[in-house]
Amino acid sequence: MQTDLMNKLNSTDKGEDALVVVHGGAGNIKLEYLPKEKLERVEADLTRSLTNAFNLLKKGASAIEAVAAAVTVLEDAEMFNAGRGSCLNELGKVEMDASIMNGANLEAGGVACISNVKNPVLLAKAVMEHSNAVLLVGEGAELFAENMTKVIGLELAANEYFATPEALSELKRFQERGSMPQNALSTGSSQGEKYGTVGACARDLSGNVAAATSTGGLIGKLKGRVGDSPLVGAGVYADNQTCAVSTTGFGESFIRVVLAHEVSSLVRHAGKTLAEAAVEAIHSVLSRSNGKGGLISINSQGDYALPFNTQGMYRGVITASGEVQISIS
Ligand code: ASP
């Protein structure tokens, strides 16, 4: 495995084969700030996420199954701000958001402000596959989750599972500083110690694309606050005709410019290549709302682009040959 690749913004993996890209959040992070042990854990988690999804694709699984599997691995890894390890709201409770979208048929599912599900991305997938809704929030989403335990064996979890010692002490530090809710990666004092939102995009052997995003949101956020991550068009988008996108960063800025869909629109309406569209979305469109963050994107031809305007973004790709590349700064 190579650890410092992909300083280039994008690459191309042409051919009719499996492709997966993942991110683990963008923000105020530099390789040199990261303790070696944490770096190794992040690399191992991103690699496991990529290889799990890739192996499923190789066995004929759909892009949707692959992105759900990739994100589930990262939700279970407490290094990231999603699932276990999610940051906490102003009341010290976890309130998670997640989404998934299928580029083959434009079906999508999202959940927001949920606190009782081990893997929010699987609940988002269940919304897409077992309800007529696209987005369920709060109590209603949690009730749906309880029903899904019987239908798909969805696992529930209590606040104690999510509120890791690190999440609790990070909230305490944040509240002592008395600052505004922050992207988990940009909370100053312990640069490089926090990790962010997670996401995945995949292309399956039939050339279909899908995307998924999952997050605990912002540290110290208002109870009930919803970010970009569960919103189709803002934090996730997938369309076989254009691209699949998952975003990370300060969500309010992404919502205001509907960033994930903007990448798709630039491809569709402005005739941009995926790389051009992704770079323009991050470096031009997002700056209109003073946004900071990044995105991962792929298309059904096997192009991918992973731009960001922060110091770093945890990101990785596994290409047709099975080679994993992880990069941070
Ligand atoms: N976009 C997420 C949110 O605003 C946070 C992040 O990506 O770090 O909820």
Side-chain angles (χ1 to χ4, degrees), residues 22-29 42 71 74-75 77 79-83 85-90 93-100 110-115 120-121 124 135 137-138 162 166-167 170-171 174 179-188 191-201 211-237 245-263 281-282 286 289-297 306-315 328:
V22 294
H23 71 79
N28 187 14
I29 180 160
V42 169
V71 168
L74 300 177
E75 287 177 337
M79 306 303 289
F80 301 95
N81 174 20
S86 283
C87 64
L88 305 176
N89 70 9
E90 57 176 354
K93 299 274 185 246
V94 72
E95 279 189 336
M96 299 171 289
D97 301 337
S99 60
I100 193 162
V111 290
C113 289
I114 58 158
S115 52
V121 72
L135 181 62
V137 304
F162 302 104
E166 189 182 340
E170 193 62 38
L171 178 66
F174 166 80
S179 40
M180 293 292 288
Q182 297 273 325
N183 171 297
L185 281 172
S186 55
T187 51
Q191 278 188 329
E193 288 183 10
K194 297 294 295 183
Y195 307 95
T197 292
V198 305
C201 299
T213 308
S214 180
T215 188
L218 305 183
I219 295 174
K221 65 187 181 180
L222 287 173
K223 179 175 166 53
R225 177 263 184 190
V226 176
D228 59 319
S229 307
L231 303 181
V232 169
V236 75
Y237 200 69
V245 181
S246 169
T247 68
T248 176
F250 194 79
E252 280 69 7
S253 312
F254 285 70
I255 294 170
R256 282 189 254 129
V257 294
V258 202
L259 195 87
H261 188 264
E262 186 73 8
V263 182
I282 287 295
L286 188 60
S289 59
N290 291 323
K292 286 274 173 212
L295 65 82
I296 58 171
S297 57
L306 319 166
F308 53 95
N309 65 4
T310 44
Q311 280 189 345
M313 178 170 79
Y314 296 107
R315 61 203 187 280
I328 294 172

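Atoms within each ligand, like the ligands themselves, are counted from 1 in listed order.
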Applying a heavy-atom cut-off of 4.0 Å, say which part of Ser229 lies close to ligand 1: side chain, backbone, both or neither.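 Ser229 to ligand 1: side-chain contact only, backbone stays beyond 4.0 Å.
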
Tested for side chain to side chain contact (heavy atoms under 4.5 Å, CB included) against Phe80, the lone hit among Thr215, Val42, Thr197, Val71 is Val42

Between Asp97, Leu135, Ile255, which is the residue that forms a side chain to side chain contact (heavy atoms under 4.5 Å, CB included) with Val226? Asp97

Using a strict 4.0 Å threshold on nitrogen-to-oxygen distance, state whether Arg225 and Glu252 make a salt bridge.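 The answer is yes: the pair qualifies as a salt bridge.
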
Decide whether an N or O pair under 3.5 Å exists between [X] and ligand 1.
X	value
Arg225	yes
Asp228	yes
Glu252	no

For ligand 1, which atoms have a heavy atom of Thr248 less than 4.0 angstrom away? 6 (C), 7 (O), 8 (O)

If you compare Gly196, Gly251, Gly249, Gly293 by their heavy atoms, the one closest to atom 5 (C) of ligand 1 turns out to be Gly249

So is Asn81 in contact with ligand 1, going by heavy-atom distances below 4.0 Å?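 So Asn81 does not count as touching ligand 1.
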
Can you tell me how far apart CE (Met313) and CD1 (Ile296) are? Round to the nearest 0.5 Å.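 It is 7.0 Å, given to the nearest 0.5 Å.
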
Can you tell me how far apart CG (Leu88) and CZ (Phe162) are? Round to the nearest 0.5 Å.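 Here the rounded value is 11.0 Å.
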
So do Ile114 and Pro120 actually touch side chain to side chain, heavy atoms under 4.5 Å? yes

